[in-house]
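Reviewing the structure listed below.
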Amino acid sequence: MVTLDLAQIPVRDANEALRAAAARGEDIEIVNPDARHHLGVGLVAPVTVKIRGSAGYFCAGLSHGARFEIESNVGWGVGDSLYAGSVVVGGNASAIAGVALRGGEIVIKGNTGSRAGQVMKAGTLLCCGNASFLAGYMMYGGRIIILGDSGERVGEDMSGGAIYVGGKVQSFGADAKLGEMTPEEDADIRAFLNKYGIAFEGEFQKIVNAGTKLRYGVNEPIARPLPYTVAEGTYWNAKVAEDIHAKAMIGRYRIRGYGAAKTVPHFNDIALKIDPERIQAASDALASVNLKTKLGDRSGAKPLELSMPVLIAPMSYGALSKSTKIALARASKLAGVVENTGEGGMLPEQRAEAGQLIYQCLSGRLGWNIHDMLKADCLEIYISQGAKPGLGGQLMAKKVTKELAAVRGIPEGIDLRSPSRHPDIMGADDLVIKVEEFREATGYKKPISIKMGAGRVRDDIKIAYKDGFDFVQLDGMQGSTGAASTEVLENMGIPTLAAIQEALDGLKEIDAGDDMPIVFMGGVKDGVDAVKALALGASAVAMGTAALIAGGCISCMQCHVGNCVVGIATQDPEHEERYKIDVQAKAIARYLEAVRWQIATLTKALGYTDFRQLSRKDLVALTPEAAAITGLPYDPDYFPVEHLLTEVA
């Protein structure tokens, strides 16, 4: 057995030594742990780790196969996203024990804090004492056994799994009820207790989902929403009437996909100040303009290396079909850029096709596990997106197929509403600890980015900078989604132009340098928009809707329904069969090459040899709103750059 003394070495060195010993098949003893955070995170070996004392946050988190024995107490999130193996805690556990549990067994011999088993998917979490409030909050599967009292609102918003309480059930959470317990279940629980030498003579009450909130009660009428451009001019117009009729039928908010249809200031409201007298033939622009981009080396990780300052925006398997995710991954490799998993987990086929892949972690930890973390080129913590800032995602039941449910770790056929916030991130300090957990689990080798929807950008960007993210993906309200409330889509968040400016202003206020790149997204439709964003201060842009349209999307705005006629926003096999992966991957790649040409050509037309030379002095505002938002000079009569492209070509 290898002994590691945390009075002599830091946690980072201890975890490296722990993984090295485990790879040799040696068990590990940790002495003087002193409640340090992140002990044993990311361990993927069937060894025993004995911790002689107390551990801090996320002990044994993101691990698979090991047995952890902690003599005393543990802090937040013990066994976070445990895939298999076991954790035995001799004392008490703080909040969110077993958060996002994917398998294995966690035994707490004392009491446990609030929200034990939040968003867990599988496995067993045992509390031998009393639980605090919200045990089993939003759990999707697995079982929680509480030998003492349940705590208040047990099973709040659970959608699967079961909670067994040996003491007093203090109160039920929303959509939780008593279920019938079979003799087989009782025998299995007592066998589990015997396995860990725990005596219990009482009787259990079983708590399950009541089934009243798993699906929306009334389906929304299927109709193509009217854009604001055809509804202007009158107050009681067709769009208003359509909205009132639908709500009278369903009695709740409406849901749709895509982005905001409302007209707000955007890239079309600013122009590039190209001097026509300087324009020359730019047929060699691709050869003479440097577009190569690096993202993610701020903290010493291996950066993403892009052939141009363009990324594929995060879009999930679930919102999109598997075929579409494969096509996007293949196209990203052809174009030398990077794909993003979005919230739905990593598909093996997607990983195989993508040259570089960002793996996104959301509040529900859907599809999240250590093995895919290690396969990724970058890890991204999702806070929110521009289409629904501050809110969780939605995926309608028709899309939650058996295959998709298995990837995400959720029950099949439910209207999935993921949490609006991360269970283990209550503020900026928690976010720092979460970032550090990811770095520890992956040996500090992978960049960590954050995706933020444009809301309180001026404050949020400061937090991102101080918390040490390698880069930020910032999403304006013109960004699209697979499903969201129309009220949120049209009325929450701020435009991409405003988000850009607030981010830059926020960083300037804290005298931040330019070492944290910002990737802007939300309605970037082509290379012209990309150049404008780069000139405003972006390090790169991300394109989502444009890539989907290039790959066959017809913009019907019914992404949430699941019957996408071109096979993109669907999980139905017959609809998906219409999507031809190779054809559409090549189409997306060709579009990205057109974007590359636009960026290079316009950069050269402005007199530069590197896109990083672009700046605000190359821009002018065409509307007073754009001028007010960006601080650019207002010149409504300026000759827009789009009319000069033919001369440049």
Given 3.5 Å as the limit, does a donor-acceptor pair link the side chain of Asp515 with the main chain of Arg298, or not? no
Steps toward side chain to side chain donor-acceptor pair (under 3.5 Å) verdict (Gln501, Thr630): CA-CA 6 Å; Gln501 195 58 48; Thr630 62; 5.5 Å; no
Glu152, CD atom: more than 12 neighbouring heavy atoms under 6.0 Å: no
Dump the intermediate steps for side-chain contact (heavy atoms from CB on, under 4.5 Å) on His371 and Val44, then the final yes or no. CA-CA 9 Å; His371 300 290; Val44 287; 3.9 Å; yes
Within the structure provided, determine whether Ile500 and Phe267 are in side-chain contact (heavy-atom separation under 4.5 Å). yes
Looking only at atom types and distance, does a side-chain atom of Asp618 sit under 3.5 Å from a main-chain N or O of Lys273, one as donor and one as acceptor? no
Donor-acceptor pair, Asn92 side chain versus Asn111 backbone, under 3.5 Å? yes
The single option from Val541, Leu295, Thr293 that satisfies side chain to side chain contact (heavy atoms under 4.5 Å, CB included) with Leu311 is Leu295
Quick check against the 3.5 Å criterion: does Arg351 have a side-chain atom that pairs as donor or acceptor with the backbone of Lys375? yes
Ignoring hydrogens and geometry beyond distance, is a side-chain donor-acceptor pair present between Ser316 and Arg408 at under 3.5 Å? yes
So, Ser332 side chain and Val338 main chain: donor-acceptor pair closer than 3.5 Å or not? no
May I ask you to check if Lys434 and Tyr57 form a cation-pi contact, with NZ or CZ under 6.0 angstrom from the six-membered ring centre and within 45° of the axis? no
Treating Lys446 as the side-chain partner and Tyr444 as the backbone partner, does any N or O pair qualify as donor plus acceptor under 3.5 Å? no
For the side chain of Asn32 and the backbone of Leu6, is there at least one donor-acceptor N/O pair under 3.5 Å apart? no
Within a 6.0 Å radius of atom CG on Asp459, are there more than 12 heavy atoms belonging to other residues, nucleotides or ligands? yes
Parallel, tilted or perpendicular for His38 and Phe58, by the 30°/60° rule? parallel
Distance flag, aromatic centroids of Trp368 and Phe438, threshold under 6.0 Å: yes
For the side chain of Asp475 and the backbone of Gly386, is there at least one donor-acceptor N/O pair under 3.5 Å apart? yes
Does a donor on one side chain sit under 3.5 Å from an acceptor on the other, for Asn340 and Glu380? yes
For Arg456, does the CZ atom have more than 12 heavy-atom neighbours from other residues, nucleotides or ligands under 6.0 Å away? no
Between the side chain of Gln478 and the main-chain N/O of Thr496, is any donor-acceptor distance below 3.5 Å? yes
Go through the structure and list residues passing side chain to side chain donor-acceptor pair (under 3.5 Å) with Arg417, not counting sequence neighbours. none
Check for a donor-acceptor pair, side chain of Ser114 on one end and backbone N or O of Leu134 on the other, with a separation under 3.5 Å. no
Between the side chains of Ser54 and Ser72, is a donor N or O closer than 3.5 angstrom to an acceptor N or O? yes
Verdict with supporting geometry, Leu632 and Val620, side-chain contact (heavy atoms from CB on, under 4.5 Å): CA-CA 6 Å; Leu632 294 172; Val620 63; over 6 Å; no
What are the two closest non-hydrogen atoms of Tyr359 and Gly367, and how far apart are they? OH-O, 2.8 Å
